[in-house]
Novice: 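Below you'll find the structure I mean.
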Protein chains: 4
Amino acid sequence: MKDTRNQILDAAKRVITQKGFHGSTMEDIAKAAGVAKGTSYLYFKSKIELYLAVMEREFDYITSCFEEIIKSRIPVLKKIEGIISFFIEYMKENRDFVFSLMYEPPLIKMNKDVIHKRYRNKIDNIRHKFIEVLEEGIRRGDIIKEDPEVLADVIFGAIVRPVIQFVIRKKTGDIDSLKFKIMNILTKGIVRKGG
Amino acid sequence: MKDTRNQILDAAKRVITQKGFHGSTMEDIAKAAGVAKGTSYLYFKSKIELYLAVMEREFDYITSCFEEIIKSRIPVLKKIEGIISFFIEYMKENRDFVFSLMYEPPLIKMNKDVIHKRYRNKIDNIRHKFIEVLEEGIRRGDIIKEDPEVLADVIFGAIVRPVIQFVIRKKTGDIDSLKFKIMNILTKGIVRKGG
Amino acid sequence: MKDTRNQILDAAKRVITQKGFHGSTMEDIAKAAGVAKGTSYLYFKSKIELYLAVMEREFDYITSCFEEIIKSRIPVLKKIEGIISFFIEYMKENRDFVFSLMYEPPLIKMNKDVIHKRYRNKIDNIRHKFIEVLEEGIRRGDIIKEDPEVLADVIFGAIVRPVIQFVIRKKTGDIDSLKFKIMNILTKGIVRKGG
Amino acid sequence: MKDTRNQILDAAKRVITQKGFHGSTMEDIAKAAGVAKGTSYLYFKSKIELYLAVMEREFDYITSCFEEIIKSRIPVLKKIEGIISFFIEYMKENRDFVFSLMYEPPLIKMNKDVIHKRYRNKIDNIRHKFIEVLEEGIRRGDIIKEDPEVLADVIFGAIVRPVIQFVIRKKTGDIDSLKFKIMNILTKGIVRKGG
DNA sequence: AATGAATGAGACTTCATTCAT
DNA sequence: AATGAATGAAGTCTCATTCAT
């Protein structure tokens, strides 16, 4: 059996995903975790801290997956492919969570900057590591010579949006072929060359 | 002088941008609009309806700008360039609003699907028109032969993310050169070709 | 009809007198005032502020009565007699209030110094005026030459305690003769002189 | 080493003195006593009972000191002097305690009369013994012929208030001379005689 | 005797909404 | 059309108390 703290975190992720941050009460979450209201406060100072803890745990998981891919000794393009694959898998399993808690975080009264600082570091960290991978790719001659930051953001955007659109629309089409379509566009560029 | 309804909408946009949806009270908004609390209810049935009205007005504005670009008789790539330019301009002027109300909409207790349906149509509409433009480009041989939906999402993602990152980080660099960098990557692809 | 603010103050004095500060809920007080819970918060920022407002209003009343007596152009001893009379009257009408809110103020979590500063001024003010009266009495040769501060405190203590004891014990005896007994002891001293 | 029960009582006196009754949690007190929360409940049925135990122990101490003085075979006036001395000493050492727990007992939800009955006996007992001393003094011709109850209360009040005022104001003056000033006023009376 | 994790009743406070003026 | 005083449902958080170990 998991320890109480993790039970509460899991319940919070589930409940807030379903009802949103402001739509979920501490009572809801506690009940879902099978504990009493007060128990949540033994482990988390406040509702917002509980929420932040859920988010941090999630970001830590995502971060570690990204790092694994980025550190591996494979060509740059394979790494990008790997990221797409991971992101597709993660989205398939966490569709509602992403929309409720990540793509659309609640506007909590707490100074938003405070909240963001807690993630920004983690996100920035990942982004920076990806930029380094691209710089290496540029040096090796695998990637075009272009501002690596912009490259990183373009690639991330080009990955995230189609995957999210795919999952939102719950198309019955083949999600795996999506990876190749994205890679195709990214590698060749959108312009039709030659005859 | 603007009519009362628009005064309230403007105030709502300003206040909610600053304090977030749950951080703003109807009192706050009414005061900022220079009217009494009760007056807001003469024009909007509820707080959530006021919020949705703000959003709809904004989406209508964005939609009309996109349509203008998309309808114009210029080459596909020029249209994409135009979209980037517009998006950059919009973000420069609406940075905080985008982060508060669009990029991070509040998780209101109201069934989220209800909310999304109100925008989904507008967003879908735009997306669909953009897809048509790309299909036309593919037919003409200007754009590579690839799933037009994926193409549309990749391009949107590749535009939105770097612009947002640029604005978030408030880099002092030249934001206008950003457009050319994005276009460069999108048109050539990320892979270094030739020699 | 009294205005709402005063209705709430009166209800608060009554309810807190009966149940104590921590024993009274805002709901209790509001109901006793014939208003809704939220209404109290339109007039007082918090429960503790409401409590402090009750106390201040009371101290202001007592202060003004004391001032009236002290300012009047009568001999010092008559002033002391007047104070005893006032105190007896006040205690007869406010017995429970004095015990609940003044003689035994609640130990609120708020820094007690903060609370006391709100009264201390008023109390100090009265005490100081009384000291001045005694100084005048000493100069005139009506009062014995002794530290006027100690004199003031001795006299106040010698008045307050017997009156409170009398009221606590609800003796059926003649409360008015109490004044003369106190005056007798104070003026003659406790030692039997002469033969 | 003291037994656990007394450790808890001591901690309770210290903590409640500092934070007040409602500001102190059982956790606070237990921690200060170096025991676990549950342990307190092995020795005291409830928080209020713990509080009452602290008070009773204190009153017992004060009572025994008073009795010692009152029983001793010295003249009445010497006894009064002794009481002043004791009270000054006690106040110097227990200033904060007196203000937190005695001068301003918490308004606990429990029926206040219940609480008071626990002390009333002890206080009444002391008061009564003092009254007897005065009656004896009156019979012997040392004390003026006056209602002994009023005499007792006047004297107590005339002692307690100046000492408390002295301690509150933390005057740097000579606290020992205070005793003689009080005695002077009490014995001679406040009226300037002769000449 | 001792522990401390868990409980859950209960209180303060907020604020969207109403409605008499 | 406009006001703003009043409402009261609802939520967060605290903490005395219990009890299995």
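Heavy-atom basis, side chains included; hydrogens, waters and symmetry copies ignored.
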Novice: Counting heavy atoms from C-beta on, name the nucleotide in F:dT3, F:dA2, E:dT3 closest to the side chain of D:Thr39.
Specialist: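 Per side-chain heavy atoms of D:Thr39, the pick is E:dT3.
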Novice: Roughly, in whole Å, what's the span from CD in D:Glu49 to C1' in F:dA16?
Specialist: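 Going from D:Glu49 (CD) to F:dA16 (C1'), I get 14 Å.
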Novice: When you match A:Lys37 and C:Gly38 each to their closest nucleotide on DNA chain E, which lands nearer the 5' end?
Specialist: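 Nearest-nucleotide comparison on DNA chain E picks A:Lys37.
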Novice: Please report the closest heavy-atom contact between A:Ile8 and A:Ser40, naming both atoms and the distance.
Specialist: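 Where A:Ile8 meets A:Ser40 most closely, the heavy atoms are CD1-CA, 3.9 Å.
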Novice: For D:Glu27 and F:dC15, give me the distance from atom CD to atom P, rounded to whole Å.
Specialist: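 That distance rounds to 11 Å.
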Novice: Are the side chains of B:Met26 and B:Leu50 in touch, meaning some heavy atoms are under 4.5 Å apart?
Specialist: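 Counting from C-beta outward, B:Met26 and B:Leu50 do come under 4.5 Å.
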Novice: Round to the nearest Å and state the distance from A:Leu42 atom CG to E:dT3 atom C1'.
Specialist: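 Whole-Å distance recorded here is 15 Å.
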Novice: Would you indicate which nucleotide in F:dT17, E:dA16, E:dA6 comes nearest to any side-chain atom of D:Lys47?
Specialist: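 Comparing F:dT17, E:dA16, E:dA6 against the side chain of D:Lys47, the answer is F:dT17.
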Novice: Apply the test salt bridge (charged side-chain N to carboxylate O under 4.0 Å, His left out) to residues C:Arg57 and C:Asp10: give CA-CA distance (whole Å), side-chain angles for both, the deciding distance (0.1 Å), then the verdict.
Specialist: CA-CA 10 Å; C:Arg57 196 180 58 160; C:Asp10 290 342; 2.8 Å; yes
Novice: Between F:dA16, E:dA6, E:dT7, spot the one nearest the side chain of D:Tyr41, thanks.
Specialist: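 It is F:dA16.
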Novice: Figure out the CD1/P separation between C:Ile29 and E:dT13, and round it to whole Å.
Specialist: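 It works out to 11 Å between those atoms.
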Novice: Which is true for D:Thr25 with a 4.0 Å heavy-atom rule: it touches a base, it touches only sugar-phosphate, or it touches nothing?
Specialist: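 Since only primed, P, OP1 and OP2 atoms lie under 4.0 Å of D:Thr25, the category is sugar-phosphate.
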Novice: How long is the line joining CG of A:Asp28 and C1' of F:dT12, in whole Å?
Specialist: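 So the CG-C1' distance, A:Asp28 to F:dT12, works out to 13 Å.
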Novice: Closest nucleotide of DNA chain E for C:Met26 versus for B:Met26: which of these residues is on the 5' side?
Specialist: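 Its nearest nucleotide being more 5', the pick is C:Met26.
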Novice: Check step by step if side chain to side chain contact (heavy atoms under 4.5 Å, CB included) holds for C:Val35 and C:Tyr43.
Specialist: CA-CA 12 Å; C:Val35 298; C:Tyr43 296 92; over 6 Å; no
Novice: Whole Å only: how far is the CD atom of D:Gln7 from the P atom of E:dA1?
Specialist: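 Taking atom P of E:dA1 as the reference, CD of D:Gln7 is at 14 Å.
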Novice: Between A:Ser46 and B:Ala36, name the one whose nearest nucleotide on DNA chain F is closer to the 5' end.
Specialist: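 Its nearest nucleotide lies further toward 5', so the answer is B:Ala36.
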Novice: Please give the nucleotide sitting opposite E:dC12 as a Watson-Crick or G-U wobble pair, both distances under 3.5 Å, or none.
Specialist: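 In the structure as shown, E:dC12 has F:dG11 as its Watson-Crick or wobble partner.
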